[in-house]
Amino acid sequence: MSRVELPESVHCDRHGLAAASRAAAMLSREIAYADPDPLTMAEFDDRLHRYATTLLTTPPTLLLRPVISDWRRAQAALGRRLSPATHRELTSIAGFLSFYLGVLAVESGDDPSARRFATLTDQFAAQLDDPLLTGTAATLDALVAFVTGRYDAAAGAARRAAAAGHPYLCGWAAAIEAAAAATLGDSDTALIALDRLATRPCVQGLRHPGWPAFDEVREACAVADVVARMGGDSAADLARIAVDLTSSGTIERGWALACLASALAPDDPPQASRLLGDIVAILDVHPSRMLSRRVNEIVSVAGPGLLPLIPYTGPAEASA
């Protein structure tokens, strides 16, 4: 009688080898199909850059839902057995999406959520040797510190952002540090930061996730804002330059008008009040907690007769 081979499934598995091999087969298939397809990764990349260009000009209510949806998709993908290259790419994507949510939380008036997303962005950056994400995370730390009145911490985080060494962030890092130093009355540090701002590398045309490009309009508004905070003689002239560079009805125009109102408030309160009224009209269309906060700062310094304080009426999302 010839020998008949028994099916593998009934072999004695005294050492667990067969069970381990079946698990290996399942794991092999899981690894093979874990990476998102190339189209999904390309769509993530496109959406990151779309958010970068609309982050500061679109009301948070319109951006929060799609950014949160993409953030959840990235988190779910990171939970799978990815290839090392895809894991790194998705970690970067998740980091920048966390950054966007941190900025949107700031604009929504939800500072606890902003701090949580800032911490998460720092953690994603720590997993990668990526100067852009590392510096971007530091600028979010600086922004959260600035809007919560911790100006020393804001300046320190801005310096960390500059130390990351990515040329795309030089403008943002210098602008935040200069504003924080000027608010603290540290004119020397503010002027040094403004000098770095003026001599930053020219990288506006590059396509990066995170902040929008720091162009000449943002530079003009940042310089005018810092000089106005310091009470410099050229504040009004610089603010008028910023106004001329901005488009009517935009948030950038609102910031330029705020710089001019701050410069004119001590000597021409009626004109400053009219300018603040123009900013209120912009805020009715484009709510911005940060710009509203700046208006209230100007009024609090100039006195209550200038204009009633403007409460921030933007979308405050509940903390998770």
Side-chain angles (χ1 to χ4, degrees), residues 55-56 59-61 63-64 67-68 71 95-126 133-164 169 171-186 189-190 193 210-211 218 221-222 225-226 228-230 251 254-255 258-259 262 279 283 286-301 309-320:
L55 183 64
L56 301 181
T61 48
L63 281 180
L64 275 170
V67 177
I68 289 174
W71 180 79
F96 282 110
L97 289 169
S98 297
F99 162 77
Y100 293 136
L101 288 174
V103 175
L104 293 173
V106 168
E107 278 285 42
S108 298
D110 190 347
D111 293 333
S113 290
R115 284 191 288 270
R116 292 174 183 176
F117 283 114
T119 299
L120 185 60
T121 306
D122 284 331
Q123 289 172 312
F124 281 127
L133 182 56
T134 298
T136 301
T139 60
L140 178 55
D141 290 337
L143 177 65
V144 174
F146 191 93
V147 299
T148 54
R150 296 177 293 118
Y151 301 112
D152 280 325
R159 286 190 289 271
R160 292 203 316 273
L169 295 172
W172 288 105
I176 296 173
E177 183 181 359
T183 305
L184 289 170
D186 186 354
T189 299
W211 292 107
R218 290 190 169 86
C221 291
D225 177 67
V226 170
R229 289 175 187 271
M230 293 191 299
I251 287 292
W255 278 105
C259 297
S262 176
I279 299 172
L283 289 170
H286 301 287
S288 169
R289 181 239 188 146
M290 288 185 280
L291 181 54
S292 297
R293 181 178 179 275
R294 181 59 182 142
V295 170
N296 286 336
E297 288 176 348
I298 295 169
V299 173
S300 66
V301 171
L309 289 179
I310 304 170
Y312 175 68
T313 56
E317 298 291 332
S319 299

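Using modelled atom types, one side-chain atom of Arg293 and one backbone atom of Val147 make a donor-acceptor pair closer than 3.5 Å. The backbone N or O of Arg289 sits less than 3.5 Å from a side-chain atom of Glu107, completing a donor-acceptor pair. Using modelled atom types, no side-chain atom of Ser262 and backbone atom of Cys259 make a donor-acceptor pair closer than 3.5 Å.
Of the residues Phe117, Phe99, Phe124, Tyr100, the one that meets the ring pair (Phe, Tyr, Trp, His ring centres under 6.0 Å) test with Trp71 is Phe117.
Taking all atoms of both residues into account, the shortest heavy-atom contact from Leu120 to Ser98 is CD2-OG, 3.5 Å. Residues Ala125 and Ala137 approach most closely at CB-CB, 4.3 Å, considering heavy atoms. Closest of all the heavy-atom pairs between Ser292 and Leu283 is OG-CD1, 3.5 Å. Considering every non-hydrogen atom in both Trp211 and Leu143, the closest pair reads CH2-CD2, 4.0 Å. Summarising the geometry of Ala190 relative to Ala181, their closest heavy-atom pair is N-CB, 3.7 Å, with the distance given to 0.1 Å. Taking every heavy atom of both residues into account, Thr136 and Gly210 meet most closely at CG2-CA, 4.4 Å.
In this structure, OG1 in Thr121 is found 7.5 Å from CG in Leu133, a value given to the nearest 0.5 Å. If you take CD1 on Ile279 and CD1 on Ile298, they are separated by 6.0 Å, rounding to the nearest 0.5 Å.
Put simply, the side chain of Arg294 reaches to within 4.5 Å of the side chain of Asp225, judged on heavy atoms. The shortest side-chain heavy-atom distance between Arg218 and Trp172 falls under the 4.5 Å cut-off. Within the 4.5 Å cutoff, no side-chain heavy atoms of Leu56 are placed close to those of Ile251.
The ring-ring contact (aromatic ring centres under 6.0 Å, His included) test applied to Phe96 returns no partner, not counting sequence neighbours.
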Please assess Leu55 against Leu104 for the test side-chain contact (heavy atoms from CB on, under 4.5 Å), listing each intermediate value before the final yes or no. CA-CA 8 Å; Leu55 183 64; Leu104 293 173; 4.1 Å; yes

Run the side-chain contact (heavy atoms from CB on, under 4.5 Å) test on Phe146 and Met290 for me, step by step, so that the C-alpha distance in whole Å, both residues' side-chain angles and the decisive distance to 0.1 Å come before the verdict. CA-CA 10 Å; Phe146 191 93; Met290 288 185 280; over 6 Å; no

Please evaluate residues Asp141 and Thr119 with respect to the criterion side-chain contact (heavy atoms from CB on, under 4.5 Å), reporting the C-alpha separation (whole Å), side-chain torsions for both, the decisive distance (0.1 Å), and the verdict. CA-CA 8 Å; Asp141 290 337; Thr119 299; over 6 Å; no

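A salt bridge is absent between Arg115 and Asp111; no separation between the charged side-chain nitrogens and carboxylate oxygens falls under 4.0 Å.
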